[in-house]
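Please read all numbers here as calculations on a predicted model, not as lab measurements. For the single chain, residues carry numbers from 1 onward in sequence order.
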Amino acid sequence: MRKIVVQMSVSLDGFFEGPGGDLGWHLVDDELHRHFNAELRPMGGFLNGRRAYELMAEFWPTADRDPAASAPVVEFAGIWRDMPKIVYSRTLERADWNATVVREVVPDEVRRLKAEPGGDLALGGADLLATFLRHDLVDEYRLYVHPVVLGAGRPLFPASGDRHPLRLTGTRTFGNGVVLLRHERARD
């Protein structure tokens, strides 16, 4: 069965974006970008909320046309364009670049999607993550902790009071100081 995998960058104090949506603190160098590409290439699809999809769609469809683009950026542009995407949105009328708009997260439909053959499904967007957490649909977390304390911004995890027991399955430290923490949902 496929897994729902959250793969997100966070600050040391748990924010996925700084005040005003700032992402300038992300330390994505070629080493980390190559790693992202290797992790995302075999995925079976990207599951995004509207905001995450629109952010990606602003840049990635043509990123490989920039003569100054690094090799990992060029490679990811192709990965992103070709990957099937589901965009969960009540307001978005349509989405391009191999994307389908779905109005609501229906847990039984997500479980059916997980049961289909293919690679795991990468979940992006904090609001969508909160919804998937409420329905107990997340299987794995790949959190890239960047060596910065923001002090404010949007936290990755909602303050819901719900516990989600996890099991550490791996770590990796990158040359730029980013640390990957891999956790899976602890099963009874």
Salt-bridged, [X] to [Y], with N to O below 4.0 Å?
{"X": "Glu184", "Y": "Lys3", "answer": "yes"}
{"X": "Glu17", "Y": "Arg51", "answer": "yes"}
{"X": "Lys114", "Y": "Asp139", "answer": "yes"}
{"X": "Asp136", "Y": "Arg111", "answer": "no"}
{"X": "Asp64", "Y": "Arg81", "answer": "yes"}
{"X": "Glu140", "Y": "Arg142", "answer": "yes"}

Is there a chain of hydrophobic side chains (I, L, V, M, F, W, Y, each step under 4.5 Å between heavy atoms) that links [X] to [Y]?
{"X": "Val5", "Y": "Tyr141", "value": "no"}
{"X": "Met43", "Y": "Tyr53", "value": "yes"}
{"X": "Leu166", "Y": "Val10", "value": "yes"}
{"X": "Tyr88", "Y": "Val138", "value": "yes"}
{"X": "Val101", "Y": "Met56", "value": "yes"}

Measuring from [X]:[atom1] to [Y]:[atom2], what's the distance to the nearest 0.5 Å?
{"X": "Glu31", "Y": "Asn176", "atom1": "CD", "atom2": "CG", "result": "6.5 Å"}
{"X": "Asp22", "Y": "Arg154", "atom1": "CG", "atom2": "CZ", "result": "13.5 Å"}
{"X": "Asp30", "Y": "Asn37", "atom1": "CG", "atom2": "CG", "result": "10.0 Å"}
{"X": "Phe76", "Y": "Ser70", "atom1": "CZ", "atom2": "OG", "result": "12.0 Å"}
{"X": "His26", "Y": "Leu32", "atom1": "NE2", "atom2": "CG", "result": "10.0 Å"}
{"X": "His146", "Y": "Ser11", "atom1": "NE2", "atom2": "OG", "result": "9.0 Å"}

> Are the ring centres of His35 and Tyr144 closer than 6.0 Å?
Replying inline: yes
> Can you check side chain to side chain donor-acceptor pair (under 3.5 Å) on Arg134 and Thr131, steps first, answer last?
Replying inline: CA-CA 5 Å; Arg134 274 196 311 275; Thr131 301; 3.2 Å; yes
> Residues two or more places apart in sequence or in another chain: which of them pass salt bridge (Lys or Arg N to Asp or Glu O under 4.0 Å) with Arg103?
Replying inline: none
> Which heavy atom in Met8 sits nearest to a heavy atom in Gly124, and how many Å separate them?
Replying inline: SD-CA, 4.3 Å
>> The test is side-chain contact (heavy atoms from CB on, under 4.5 Å); show your working for Arg172 and Phe174 and say whether it passes.
In response: CA-CA 7 Å; Arg172 178 175 172 184; Phe174 295 88; 3.4 Å; yes
> Using 30° and 60° as the class limits, which term best fits the ring planes of Trp97 and Trp80: parallel, tilted or perpendicular?
Replying inline: tilted
> Under the side-chain contact (heavy atoms from CB on, under 4.5 Å) criterion, do Ile86 and Phe46 qualify, and how do the steps go?
Replying inline: CA-CA 6 Å; Ile86 295 176; Phe46 294 154; over 6 Å; no
